[in-house]
*Asks:* 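Can you keep this structure in mind? I'll have questions shortly.
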Amino acid sequence: MSVANVTMFEFQTSDSIEEFASWYKGHGTYPNNDISLFVRTGETSAIGISVYPTEQDRQNADKLRNESTSTDLSEIVKEMIPISGDVLVHFLKGRLLE
């Protein structure tokens, strides 16, 4: 079963979201990541969803995320709340994946 990180972000300013998106595009996703989405949900808020094939892959990504956000992004990210769980339903391009 796949596992996911869902991370809620609050940024310092609306421009900080664009700065983060540019940073993320340039640094790529974490290893063994199947799906990664970053969605603006408000003027200074966003949500990230990342899906991994195993719990170990998700935990490794957590470590890398914590390292990168504590150094590279600490001035633009006001608050970050990560949660995780099992992926129960997974559609891709309209097709259910098992």
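Note that the structure is predicted; figures quoted are calculated from it, not measured.
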*Asks:* Which pairs, with at least one residue in residues 76-94 and sequence neighbours excluded, count as a side chain to side chain donor-acceptor pair (under 3.5 Å)?
*Replies:*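 Not a single pair qualifies under side chain to side chain donor-acceptor pair (under 3.5 Å).
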*Asks:* Which residues satisfy the side-chain hydrogen bond (donor to acceptor under 3.5 Å, both in side chains) test with Gln12, sequence neighbours excluded?
*Replies:*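 Result, side-chain hydrogen bond (donor to acceptor under 3.5 Å, both in side chains) vs Gln12: none returned.
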*Asks:* Return the set of residues passing ring pair (Phe, Tyr, Trp, His ring centres under 6.0 Å) with His27 (not counting sequence neighbours), or none when no residue passes.
*Replies:*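 So His27 forms a ring pair (Phe, Tyr, Trp, His ring centres under 6.0 Å) with Trp23.
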*Asks:* Name all residues meeting the side-chain hydrogen bond (donor to acceptor under 3.5 Å, both in side chains) criterion together with Asp62; count only those two or more places apart in sequence or in a different chain, and write none if there are none.
*Replies:*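 Listed in chain order: Asn5, Arg58, Arg65.
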*Asks:* Within this structure, what is the CD-CD1 distance for the pair Glu10 and Ile81, rounded to the nearest 0.5 Å?
*Replies:*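 Going from the CD atom of Glu10 to the CD1 atom of Ile81 covers 9.0 Å.
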*Asks:* With sequence neighbours left out, write down each residue that passes side chain to side chain contact (heavy atoms under 4.5 Å, CB included) with Leu92, or none if nothing qualifies.
*Replies:*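 Side chain to side chain contact (heavy atoms under 4.5 Å, CB included) list for Leu92, sorted by chain: Leu97.
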*Asks:* With sequence neighbours excluded, what pairs up with Glu43 under the side chain to side chain contact (heavy atoms under 4.5 Å, CB included) test?
*Replies:*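 Side chain to side chain contact (heavy atoms under 4.5 Å, CB included) check on Glu43 returns Ser14.
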*Asks:* With sequence neighbours excluded, what pairs up with Ser45 under the side-chain hydrogen bond (donor to acceptor under 3.5 Å, both in side chains) test?
*Replies:*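 Only Thr41 meet the side-chain hydrogen bond (donor to acceptor under 3.5 Å, both in side chains) criterion with Ser45.
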*Asks:* Kindly compute the distance separating OG (Ser50) from CG (Asp34), expressed to the nearest 0.5 Å.
*Replies:*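 Ser50 OG to Asp34 CG: 10.0 Å, rounded to 0.5 Å.
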*Asks:* Of the non-hydrogen atoms in Gly42 and Ile17, which two are nearest, and what is the gap between them?
*Replies:*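 What the structure gives for the nearest pair is O-CD1, 3.9 Å.
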*Asks:* Supply the atom-to-atom distance Met80 CE to Phe11 CZ, rounded to the nearest 0.5 angstrom.
*Replies:*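 Met80 CE to Phe11 CZ: 9.5 Å, rounded to 0.5 Å.
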*Asks:* Might you point out which heavy atoms bring Val89 and Leu96 nearest each other, and give the distance in Å?
*Replies:*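 Taking Val89 first and Leu96 second, the nearest heavy atoms are CG1-CD1, 4.0 Å.
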*Asks:* Who pairs with Thr7 by side-chain hydrogen bond (donor to acceptor under 3.5 Å, both in side chains), at least two apart in sequence or on another chain?
*Replies:*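 Thr7 satisfies side-chain hydrogen bond (donor to acceptor under 3.5 Å, both in side chains) with no residue once adjacent residues are dropped.
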*Asks:* Applying salt bridge (charged side-chain N to carboxylate O under 4.0 Å, His left out), which residue pairs with at least one partner in residues 23-32 are found, sequence neighbours left out?
*Replies:*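 Of all non-adjacent pairs touching residues 23-32, none passes salt bridge (charged side-chain N to carboxylate O under 4.0 Å, His left out).
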*Asks:* Would you give the length of the straight line joining atom OG1 of Thr44 to atom CD1 of Ile76, rounded to the nearest 0.5 angstrom?
*Replies:*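 The CD1 atom of Ile76 is 12.5 Å from OG1 of Thr44, to the nearest 0.5 Å.
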*Asks:* Taking only residues two or more places apart in sequence or in another chain, which ones pass ring pair (Phe, Tyr, Trp, His ring centres under 6.0 Å) with Tyr52?
*Replies:*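 Here no residue qualifies.
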*Asks:* Before you tell me yes or no, could you show the steps for Ile49 and Ile35 under side chain to side chain contact (heavy atoms under 4.5 Å, CB included), namely the whole-Å CA-CA distance, both residues' side-chain angles and the distance that decides it to 0.1 Å?
*Replies:* CA-CA 8 Å; Ile49 302 170; Ile35 297 171; over 6 Å; no
*Asks:* Once you measure the plane-to-plane angle for Phe20 and Phe38, does it fall in the parallel (<30°), tilted (30-60°) or perpendicular (>60°) bin?
*Replies:*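 Phe20 and Phe38: tilted rings.
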*Asks:* Are Phe9 and Ile47 close enough that some pair of their side-chain heavy atoms sits under 4.5 Å apart?
*Replies:*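 They are not in side-chain contact.
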*Asks:* Mind checking whether Val3 and Leu88 sit in one hydrophobic cluster, side chains of I, L, V, M, F, W, Y counted as touching below 4.5 Å?
*Replies:*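 Different hydrophobic clusters.
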*Asks:* Hey, could you give me the CG/CD distance between Asn32 and Gln56, rounded to the nearest 0.5 Å?
*Replies:*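 With rounding to 0.5 Å, CG (Asn32) is 10.0 Å from CD (Gln56).
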*Asks:* Identify, with sequence neighbours excluded, every residue that meets side chain to side chain contact (heavy atoms under 4.5 Å, CB included) alongside Glu18.
*Replies:*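 Side chain to side chain contact (heavy atoms under 4.5 Å, CB included) list for Glu18, sorted by chain: Arg40.
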*Asks:* So, using salt bridge (Lys or Arg N to Asp or Glu O under 4.0 Å) as the criterion, who are the partners of Asp57 when residues are at least two apart?
*Replies:*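 So Asp57 forms no salt bridge (Lys or Arg N to Asp or Glu O under 4.0 Å) with any residue.
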